[in-house]
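Okay, structure first, notes after.
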Protein chains: 2
Amino acid sequence: MTVTIKDIARIAGVSKATVSRSLNDSPLVAEETKKRIKELADTMGFQFNANARSLSTSRTGTIGIIYPERFGEFGVSLYYSSLLSQIRDFLEKEGLDNIVSFPKNRYTGESNIKRLIQSKKIDGLLIIHPNITDVDQRILNFIEQSKTPYVFLHHFPSFCDIEKVDAIYTDHFGGGYDATKHLIDLGHKNIICLTSHGDSMEFIQRTEGYRAALMDNDIAVKEDFVFKGYRDISSGYEIISKNFGFIVENNITGIFAQTDLMAIGVMQALKDMGKSIPDDYSIVGYDDIELVMDFRPHLTTIHQPREEIAVLTCSRLLELINGVNNNKKVNIRLNTKLIIRESTKRVDNSLEG
Amino acid sequence: MTVTIKDIARIAGVSKATVSRSLNDSPLVAEETKKRIKELADTMGFQFNANARSLSTSRTGTIGIIYPERFGEFGVSLYYSSLLSQIRDFLEKEGLDNIVSFPKNRYTGESNIKRLIQSKKIDGLLIIHPNITDVDQRILNFIEQSKTPYVFLHHFPSFCDIEKVDAIYTDHFGGGYDATKHLIDLGHKNIICLTSHGDSMEFIQRTEGYRAALMDNDIAVKEDFVFKGYRDISSGYEIISKNFGFIVENNITGIFAQTDLMAIGVMQALKDMGKSIPDDYSIVGYDDIELVMDFRPHLTTIHQPREEIAVLTCSRLLELINGVNNNKKVNIRLNTKLIIRESTKRVDNSLEG
DNA sequence: ATGAAAGCGCTAACAC
DNA sequence: GTGTTAGCGCTTTCAT
């Protein structure tokens, strides 16, 4: 039923080797035979057996994508699924398949990274890992010594020597800084910040950016101005509702929410309290997910260049796989971009004491 | 560097066959040797070469998931990505990998279904296909004669003889019916419906359910009460804003939006016009995506049993792959469930003429 | 320019 | 209970 090169060889009256060479466009075979074989293969509906091929060449034509476990969570997936789409798009263009996996099997605890590499199911790895615990040094060593091409993306891989890995990431510190600076520039002095629980690097870095911007502008950094939540809409909503007294007492006018979802929740909460945005409060989000355009006022936010991340990451991985420019590591920090929309506004000083 | 069964055989002083048998838990080998071999394999960090294995057994341990192309679009992915998560979860439990793919490569136009099957990259296929154009009869025949196990999910596969395929889907007609009936039961007489452009079966079926419910309750079906949009928040928003005059003129009080996202947009639009929900308008959505809980009032909606779909679909596919109960097709229509929350309310008849 | 043959790592008859 | 061997479908030396 399935047609193999052997079948083609038989029918064409040539050897398997010639068929293989022809279909792989080897220059060693006469143009004429090559053409004949190709056409024959085509009419016979031939397709390489990927397993046989991989066994022989050690190339599978599939890329492994390692996602943080909480990808499964709803809110988190909004930004990531957009990034993933871009990655898929690129790989599709190259005719590559992809296997998406968590670092570990959640049931057996087995390392999917190790498994995928050892079982030779993939040609390379794209890794988004939030922190040290998820991809530990042992695994990292394993990948390294297996010589599997891999690229880290999205965050700065702070848990390892950046000189020793390929990584494409955005400047989360800078993003946090810019968001805060924007509020400061608009005259806001009392700015709170909503970040995420946990040790995910991106949030730690955004918060550092927030602090730095305040300090650079001689505004005291107050630890109780940093609220930890769950990076989704309801968490943003809840933090604001519960702490509204605090917000009023402290004369807060600027709010930096470290995810757009939180920012949306913040806006909802303020609206529900009869407040107006940006007249009463200025809000800055983070991510620039598509969803924000569905809400009024349109959110001022930090755009992450997802498409660029995807393109650069995939291109780099392909270089590694194809063995070009793989003598030295590539390390790119992409700038985020402040997108000013409608949720931020110059503070009205005339009303101040 | 990589350790193979040959290495183990050499070190253990047995043949490759014995090693293979041991690691595959064959009853043909003595318990003692088996144990010894297993431990050895373990300490040596052995892992089967998936390609060699697949070549020999024709089993790959990976499942292909075919998604509609517009999975890439943001709004659409909210429901589907939740479904996909559930599927992944099940497959993870079984130690299976998955390759997610569109029906065709968007660049080359090549059929990914054919390619994945012919190249023997997958053991079975999970197919979510919106309509006839995406998975045409030729491909269907191809799958069939390739004997690749496959299960359709999410929609009723109306383009083929349902008796001849395995399919797990929800009752979109029933869902549309229940949503509408709920509004009718609450006393609403003038009910509009927001559906999606295109020929996606799920929406056609939901609209049919809407019509049937009206007819069954002696309410005239008016074609201009059905609005076509893009299944996202802004589309819902726009339809309501643009047609608010129509809504008022026609005394509309009930709105059935065929996606939750549209429903959210509807609520926003009405709010922005100073209307109150559910006092002025009752809204019913569809899907029961997680996002709806982030909005007030909480949306009354049609819950789709995604987890059940995922579990049943995957279980069935595994049966097919393992050759159990594969003599007759399985065809399950799951019921949706009306979830009554805060966006619907009995119509206040005292105000009526 | 083409063919023969070995080998990739594993499984499964078939022998013993 | 274990070993030998052929074979899965392809690539790639090495011959010719």
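To find a chain, count down the sequence lines: A is the first, B the second, and so on, and within it residues start at 1. Basis for what follows: all heavy atoms, side chains included, without hydrogens, waters or symmetry-related copies.
Taking atom CD of B/Gln118 as the reference point, atom P of D/dC8 lies 18 Å away to the nearest angstrom. In this structure, the CZ atom of B/Phe48 is 11 Å from the P atom of C/dA12, given to the nearest Å. Protein atom CD1 of B/Ile5 is 14 Å distant from nucleotide atom C1' of D/dC8, rounded to whole Å. Between the CG atom of A/Leu28 and the P atom of D/dT16 there is a distance of 18 Å, rounded to whole Å. Rounded to a whole Å, the NZ atom of B/Lys6 is 14 Å from the C1' atom of D/dT5. Atom CD1 in B/Ile37 sits about 16 Å away from atom C1' in C/dT11, given to the nearest Å. Look at CG on B/Leu55: it is 12 Å from P on C/dA12, rounded to the nearest Å. Taking atom NZ of residue B/Lys35 and atom P of nucleotide D/dG1, one finds them 18 Å apart after rounding to whole Å.
When each of C/dG3, D/dG9, C/dG9 is scored by its nearest atom to the side-chain atoms of A/Thr4, the top-ranked nucleotide is D/dG9. In the set D/dT2, C/dT2, D/dC10, D/dT2 carries the atom at the smallest distance from any side-chain atom of B/Val29.
Of the residues A/Leu83, A/Ile309, A/Leu84, the one that meets the side chain to side chain contact (heavy atoms under 4.5 Å, CB included) test with A/Ile128 is A/Leu83.
Here B/Asn24 lies in heavy-atom contact (under 4.0 Å) with sugar-phosphate atoms only. Here B/Lys16 lies in heavy-atom contact (under 4.0 Å) with a base. As judged by a 4.0 angstrom heavy-atom cut-off over every strand, A/Ala30 is placed among residues touching the sugar-phosphate backbone only. Among the atoms of the strands shown, only primed sugar atoms or phosphate atoms (P, OP1, OP2) are found under 4.0 Å from some heavy atom of A/Thr57.
With B/Asn49 contributing its side chain and B/Asn51 its backbone, the two residues share a donor-acceptor pair below 3.5 Å.
Other residues, nucleotides and ligands contribute more than 12 heavy atoms inside 6.0 Å of the CD atom of A/Glu319.
Look at B/Glu32 and B/Arg36 and you find no salt bridge, because none of the NZ, NE, NH1 or NH2 atoms lies under 4.0 Å from a carboxylate O.
Close to D/dT11, at under 4.0 Å from its OP1 or OP2, lies no side-chain N or O of A/Ser56. Of the side-chain N and O atoms in A/Thr33, one or more sit less than 4.0 angstrom from OP1 or OP2 of C/dT2.
Between B/His154 and B/Tyr79, the ring planes lie tilted relative to each other; the angle falls in the 30° to 60° range.
Between A/Ser20 and B/Val19, the residue anchored closer to the 5' end of DNA chain D is B/Val19, taking for each the nucleotide with the nearest heavy atom.
The base of D/dT12 does not come close enough to the side chain of A/Arg53 for any donor and acceptor atom to sit less than 3.5 Å apart.
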